[in-house]
Amino acid sequence: MEIDQCLLESLPIGQRQRLVRRMRCDQIRAYYEREKSLQRQQGGIKVRVPPTHRKKHHVRFSLADVVQDAIISHDDKEVLRLLKEGADHNTPISSGGSLLHLCARHDNVFAAELLIERGLNVNLQDEDLWTALHVACVCDHADVVLLLLLAGVNVLLQDVNGNIPLDYTSEGTETSYILRKHLEENGVDMSSMHTMKTQRSTTMLSDVRQLVTTGGSLNQANDDGVTLLHIACASGYREVVSVLLESGADPHPADNSFWTPLHLASKYGQTSIISQLLKHGANPTLLNCNQDKPSDIAASEPIVEMLLNAEENWLQRLKDPSAPLHSTDQRYDSGLHDLNTPVKNLNPLGLPISKRDSLLEKCAMFREAGGALSRQPSQDNVLDGPFSSGASKLEQVKLMPPAPNDDLASLSELTDSSLLYEMQKRFGNDQIYTYIGHILLLVNPNKELPIYSTLVSQLYLSSTGRLCSSLPPHIFSSAERAYHMMLQERRPQCFILSGESGSGKTEVCKHIVRHLTARSSPAGFALEPRMKHVSLDLSVCIMINNLSRMYTYMLEKSRLVHLLPHQHNFNIFHLMAEGLSPEEKSALYLNNVLAHRYVTETCSIYMYR
Ligand SMILES: Nc1ncnc2c1ncn2[C@@H]1O[C@H](COP(=O)(O)OP(=O)(O)OP(=O)(O)O)[C@@H](O)[C@H]1O
């Protein structure tokens, strides 16, 4: 049944409701008929059993899924049983890689040994070409590293960034020591490794020089729009950049995602290259596909400053072309200020920039987290507020790598049992946060997890507020999003924290406030004394802004019915009495707030919590 919208709107409300209900019934009927005909086409109609006669079905998971769980939870007997029952040890895991990668990540030496005994290839590489040894090194799981070495793993296999496992160990850790010793014993000395790495930039330099002498095109782009200058800038090859620019290469070509060499150099902290590009007239105001200028994605404060000056200079020159070209600080030309990121190990022609970009974020995340292991508290206390968990906890920062089930909305199968299964799996893995689209789900771990340090807070800082695909779900990510929405929409944002008593709302509220305080002012410590009050005010603000939702979300009804002896009242009613407009009060049936029995039971004013 189709009805003209104007006609529908002209009908009296009762008639309109009846018509709409009929239309909805028609739609549902049509839907079921279509479903039935589809089932018939696929051969066989499923007969619906009335719910009362329905058999209770047990949900069965494949052996491959169950063995993964057993590995994660270190249930060794179960792993042994499942492998004996025929669980395929070659099954790839959902987050990529083999069961051995999973063992390496969860430090399960026993299961790793079983798998190796059954013939699992220790050199298997995941889609980013990481071996289990790469994973064990990132996680600093020395026992797994030893086991893999004994099993004959190839320690020189490179991932897509050209990094060998040793590149992912942190200086001074056991894994670093074991690997270095192993390399030495096998006749690989560190200087030849260094030569192997620098070889790429040397090769590119001689190739580019030859291209220049033969008069080849320096601006030639590949299918992704990536030019030689993009590659040299992202990889930090200063000399190659210099030859290209001196020989007349375009200083600001954009690839297919509108990234310019300046964007790449800025993102990967190549300060001296930025300086070179600016001297050769690169435009610092160009936007990439994310609407970011190079200064928006800069890796450090000095780079931001340098690029902002360059932007100003660029705009001045647009108005007055005779104004001098921006000159950068001589200090940067030496390269001493370049950030030491794994980008230097990039394989120049192997991958499109966008792919490398996401991989580098993943590397940076692990590396940053690893760096915190050895960091002294005094170096990392700038933004620590009153909610910081103390110096000792700074030493244990560990974020789980992103996984396909980070967002339940993206699962191919959405049933109660699949959702519960995924949640349980994540919980067992200490992945307490999960997205469902833009909603963030938290399962209270009831134990302290090392995921709230200043370092993690900084990792989640973003210039756009968009979810970062290389970071796992986190309350800091939602706080970032709210912060950017506030700037974009220029209006207050609110968090609705819903859950039963003890589910962790107050804790989450503290983390939100802490992250926002740190992100809104680099000198976050100035706000420290006010933090407790901010937390308190935030609860109250949420209540005021969402009064209509308050009943459902913020307070349980039982707490509003009556006051216990000596119990104080909610200050929110007094605030509402003072602050709400007559219209708002009328809409909430609170024309005379102070006349209510509940409010007059006690004369003392008390702030909730
Ligand atoms: N993210 C978390 N990590 C670790 N422990 C947590 C976390 N969230 C909550 N907890 C633990 O659970 C306890 C209860 O949490 P919280 O007080 O935040 O719950 P709530 O939802 O605010 O409860 P209520 O509604 O009763 O005020 C905390 O004291 C803390 O021990």
Side-chain angles (χ1 to χ4, degrees), residues 369 372 383-400 403 406 408 423-436 439-460 471-482 494-518 531-547 549-564 567-573 606-609:
L383 299 177
D384 268 355
F387 300 116
S388 72
S389 350
S392 62
K393 280 161 201 155
L394 278 172
E395 291 169 3
Q396 359 157 338
V397 175
K398 201 152 232 174
L399 289 175
M400 282 299 182
D406 278 349
L408 295 185
M423 288 302 299
Q424 193 186 16
K425 213 157 81 171
R426 290 179 67 78
F427 184 68
N429 216 5
D430 282 346
Q431 293 166 299
I432 57 167
Y433 289 109
T434 308
Y435 293 124
I436 308 179
I439 298 170
L440 184 69
L441 203 66
L442 159 73
V443 183
N444 183 351
N446 273 311
K447 64 176 178 187
E448 289 202 26
L449 293 175
I451 56 170
Y452 297 109
S453 70
T454 306
L455 184 77
V456 179
S457 189
Q458 284 168 348
L459 275 178
Y460 278 84
L471 289 171
H474 202 293
I475 188 61
F476 291 161
S477 192
S478 305
E480 272 298 290
R481 186 157 177 272
C494 85
F495 296 88
I496 298 174
L497 308 172
S498 168
E500 63 182 40
S501 182
S503 55
K505 301 180 291 292
T506 314
E507 289 296 315
V508 153
C509 196
K510 286 181 197 171
H511 292 307
I512 292 173
V513 174
R514 180 169 174 265
H515 180 79
L516 291 179
T517 314
M531 290 285 278
K532 283 179 201 141
H533 303 290
V534 172
S535 172
L536 198 64
D537 289 349
L538 188 67
S539 315
V540 175
C541 288
I542 294 170
M543 289 186 206
I544 293 174
N545 288 337
N546 293 280
L547 210 53
R549 296 181 190 174
M550 176 182 87
Y551 215 64
T552 325
Y553 290 111
M554 291 299 295
L555 303 169
E556 292 117 59
K557 291 174 193 174
S558 59
R559 294 189 189 181
L560 288 170
V561 176
H562 60 84
L563 293 175
L564 297 169
Q567 193 181 353
H568 295 284
N569 204 342
F570 291 94
N571 192 37
I572 186 76
F573 289 112
Y606 175 67
M607 184 71 87
Y608 177 60
R609 287 193 171 241

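These numbers come from the heavy atoms of this one structure, side chains and all, not from hydrogens, waters or symmetry mates. Read the numbers this way: they start at 1 and go in the same order the structure lists the ligands and their atoms. Since the model is a prediction, treat every value here as computed from it, not as a measurement.
- Nearest-residue assignment for atom 13 (C) of ligand 1 (options Asn444, Val508, Ile475; heavy-atom criterion): Asn444.
- Checked against a 3.5 angstrom limit, the closest N/O atoms of Thr506 and ligand 1 fall inside it.
- Of all the heavy atoms in Ile512 and Ala479, the pair that sits closest is CG2-CB, 4.3 Å.
- Every atom of ligand 1 with a heavy atom of Tyr452 under 4.0 Å away is listed here by number and element: 1 (N).
- Under 4.0 angstrom from ligand 1, the non-hydrogen atoms of Ser503 come from both its backbone and its side chain.
- Among residues two or more places apart in sequence or in another chain, the side-chain contact (heavy atoms from CB on, under 4.5 Å) test is passed with Leu408 by Leu411, Leu419, Glu422, Met423, Thr434, Ile436.
- Side-chain contact, Tyr433 with Ser477: no donor N or O sits under 3.5 Å from an acceptor N or O.
- An N or O contact shorter than 3.5 Å is missing between Ile432 and ligand 1 by distance.
- The ring of Tyr460 has its center closer than 6.0 angstrom to the ring center of His474.
- Here the side chains of Ile475 and Leu442 are not in contact, with every heavy-atom distance at 4.5 Å or above.
- For Asn429, the side-chain contact (heavy atoms from CB on, under 4.5 Å) test picks out Ile72, Arg105, His106, Met400, Gln431, with sequence neighbours left out.
- With atom 9 (C) of ligand 1 as the reference point, the heavy atom nearest to it among Glu448, Lys505, Lys447, Glu507 is part of Glu507.
- The OG atom of Ser478 lies 12.5 Å from the NE2 atom of His511; values are rounded to the nearest 0.5 Å.
- Taking the side chain as every heavy atom from C-beta outward, Phe476 and Arg514 approach each other to under 4.5 Å.
- In this structure, Asn446 is part of the shell of residues with a heavy atom less than 4.0 angstrom from ligand 1.
- At least one N/O-N/O distance between Gly504 and ligand 1 falls below 3.5 Å.
- Inclusion of Tyr433 in the set of residues having an N or O under 3.5 Å from an N or O of ligand 1 is not warranted.
- For ligand 1 and Glu500, the ligand atoms under 4.0 Å from any heavy atom of the residue are 21 (O).
- Note on ligand 1: Gly499 sits outside its first shell, no heavy atom being nearer than 4.0 Å.
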